[in-house]
Protein chains: 2
Amino acid sequence: MTLRLIDRGRPAITRHQVYVTLREAITTAHLVPGRRLSENELARQLGVSRTPIREALALLREERLVAIVPQLGTFVTRVSPAAVADAAFVREALECSAVRLAAERIDAAALGELQANLAAQEQADAAAFDGLDDDLHRTLCEAGGHPIAWSLAHRANGHLDRIRRLSLPDPEYLREMVDEHHDVVAAVARRDADAAERALRHHLRMVPSLLGALRERHPDYFEQEEAA
Amino acid sequence: MTLRLIDRGRPAITRHQVYVTLREAITTAHLVPGRRLSENELARQLGVSRTPIREALALLREERLVAIVPQLGTFVTRVSPAAVADAAFVREALECSAVRLAAERIDAAALGELQANLAAQEQADAAAFDGLDDDLHRTLCEAGGHPIAWSLAHRANGHLDRIRRLSLPDPEYLREMVDEHHDVVAAVARRDADAAERALRHHLRMVPSLLGALRERHPDYFEQEEAA
DNA sequence: CATTGAGTACTAGTATGCAAGCCGCGCTCG
DNA sequence: CGAGCGCGGCTTGCATACTAGTACTCAATG
């Protein structure tokens, strides 16, 4: 009889919970861009010590969601077109490569998962769509045989997540996203790597295109470039 | 294995120095794969407290150069073909995308930098080549307008760095690498994005091909897959 | 002799204390 | 009245103390 290995390496739960909590707060702009964070204050509010707070903030810094300035403070980064473009570039590069592989080697099980996800998206509201979108892209990356692609893309992705979440309430935009998801999965299903890559690339370029509207609604969220 | 005390110059860089020291030790296999690390022991050897050690190890875990198991220990990860393939995939995706952009928009200054680098490589020994190689790839990514590509690729890259460094003493292999660098830069110089991508892709696939020889020389560095 | 159980010596995770440095308010001096 | 300077309160970085939990040693026991 064979027993499955037990997965250790998650019992460090406090740090992870703090990370999830803060990331959620930032990508929903509950913690507004530009806001100053204090490790001490966060520790008080969350009921933990500074140590797990610091470790969570270090991860968020890697995602460019916070900027830590020694002896000065920690700040929620503002939305910057450059950072969004960087994130979009990374995601395009990684996911498009992954989806090409996925189109070549996806199996029936994964394909079924994708289609179930699409069906769920049809009836999802904005909040539910959020999770389903993540799942779909993750499944696509895993189907390509390199789950690390999603892990990295997701990590480089804080800025895009924030844009997306702040823009999602728009139902027309949501409709478009779901349609594009269908296009990608359809191309993968018929093993057409070129079409899948094209569809995904087009899909991923939607998010940066939301910047204009968001800036109109929340100009204070944006980094102000030096006026000449 | 003895690590030298780190120089505590300016504040707020202790963590970084620890990180650089440990990464160097791991990618050169000075700290051999599979070795168990103790935060306390490292703190003693480097003359700092556990805090910066922990923060450096957290970064190295992101690069999958160490594995941290709570209440058990921290270990230098062994070489695994899967991890190497993952790293190669990420680097290919990111750098090939970047080099396409570079071929379109590179300016004379960056091109000059690339060519100066190539000239230096012609006369470099293995140790010097190491740094020049990093510089060349970084410059290529920056020329594409997304420096973050290199920052991410480099970070996903610990496993490849280790393979490369352990294999570099082979002069024939070094010669090949330099030639391939020439091919990539030449394609970029004549604004041929397709050729540049092809050349770079071919170049990046060299590293994983070294796995076989390395396994012969250092089978103990490798993760042993379940023997039947 | 084999097995089991307690005890010990470690581990990383978390909490807390201390040091160095920046910002701004308010006082002092010109 | 205005400008310069010093002090207090804040920040993060680093060091240390404590907790919870694992693996190993070795003796007691069947």
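Being a predicted model, the structure only gives us computed values, none of them experimental. To find a chain, count down the sequence lines: A is the first, B the second, and so on, and within it residues start at 1.
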* Asked: Just checking B:Asn40: base, sugar-phosphate only, or nothing, at a heavy-atom cut-off of under 4.0 Å?
  -> sugar-phosphate

* Return the value, rounded to whole Å, for the distance between atom CZ of B:Arg50 and atom P of C:dA12. => 7 Å

* Options D:dC14, C:dA15, C:dA12, nucleotide nearest the side-chain atoms of B:Thr74 -> C:dA12

* A:Glu39 CD to C:dA15 P, straight-line distance once rounded to whole Å -> 14 Å

* To do: Using whole Å, report how far CZ of A:Arg36 lies from C1' of D:dC10.
  => 7 Å

* Asked: So what does B:Leu57 touch, heavy atoms closer than 4.0 Å: a base, only the sugar-phosphate, or nothing?
  -> nothing

* Counting only distance, no hydrogens or angles, is the base of D:dT22 paired donor-acceptor with the side chain of B:Gln71 under 3.5 Å? -> no

* Just checking A:Ile53: base, sugar-phosphate only, or nothing, at a heavy-atom cut-off of under 4.0 Å? -> nothing

* Which class fits the ring pair B:His16 and B:Tyr19: parallel under 30°, tilted 30 to 60°, perpendicular over 60°? -> tilted

* Taking only the side-chain heavy atoms of B:Ile68 (C-beta and beyond), determine which of D:dT16, C:dT14, C:dA12 contains the nearest atom. => C:dA12

* From C:dA12, D:dG13, D:dT12, pick the nucleotide closest to the side chain of B:Arg15? -> D:dG13

* Starting at CD1 of A:Ile13 and ending at C1' of D:dG21, how long is that distance when rounded to a whole Å? -> 16 Å

* In terms of side-chain heavy atoms of A:Arg54, which of D:dG13, D:dT16, C:dT16 is nearest? -> D:dG13

* Asked: Is any side-chain heavy atom of B:Val76 closer than 4.5 Å to a side-chain heavy atom of B:Arg162?
  -> yes

* Quick one: do the A:Asn117 and A:Gln121 side chains pair a donor with an acceptor below 3.5 Å? -> yes

* Can you check the A:Phe75 CZ to D:dC10 C1' distance for me, whole Å? -> 12 Å

* Asked: In whole Å, what is the span from the CD atom of A:Glu41 to the P atom of D:dC10?
  -> 12 Å

* To do: Between A:Thr51 and A:Leu72, just flag the one whose closest nucleotide in DNA chain D comes earlier from the 5' side.
  => A:Leu72

* Asked: Does the side chain of A:Leu59 reach to within under 4.5 Å of the side chain of B:Glu62, using non-hydrogen atoms?
  -> yes

* To do: Measure the shortest side-chain to side-chain distance between A:Val79 and A:Leu211 over non-hydrogen atoms and say whether it is less than 4.5 angstrom.
  => yes

* **First encountered from the 5' end of DNA chain C, between A:Gly47 and B:Gly73** => B:Gly73

* **Spacing of B:Glu55 atom CD relative to C:dT14 atom P, expressed in whole Å** => 14 Å

* Indicate whether OP1 or OP2 belonging to D:dC14 is found under 4.0 Å from a side-chain N or O atom of B:Thr14. => yes

* Does B:Ser38 place a side-chain N or O at less than 4.0 Å from the phosphate oxygens OP1/OP2 of C:dT11? -> yes

* Asked: Within the structure, does a side-chain N or O atom of A:Ser49 lie under 4.0 Å from either OP1 or OP2 of C:dT14?
  -> no

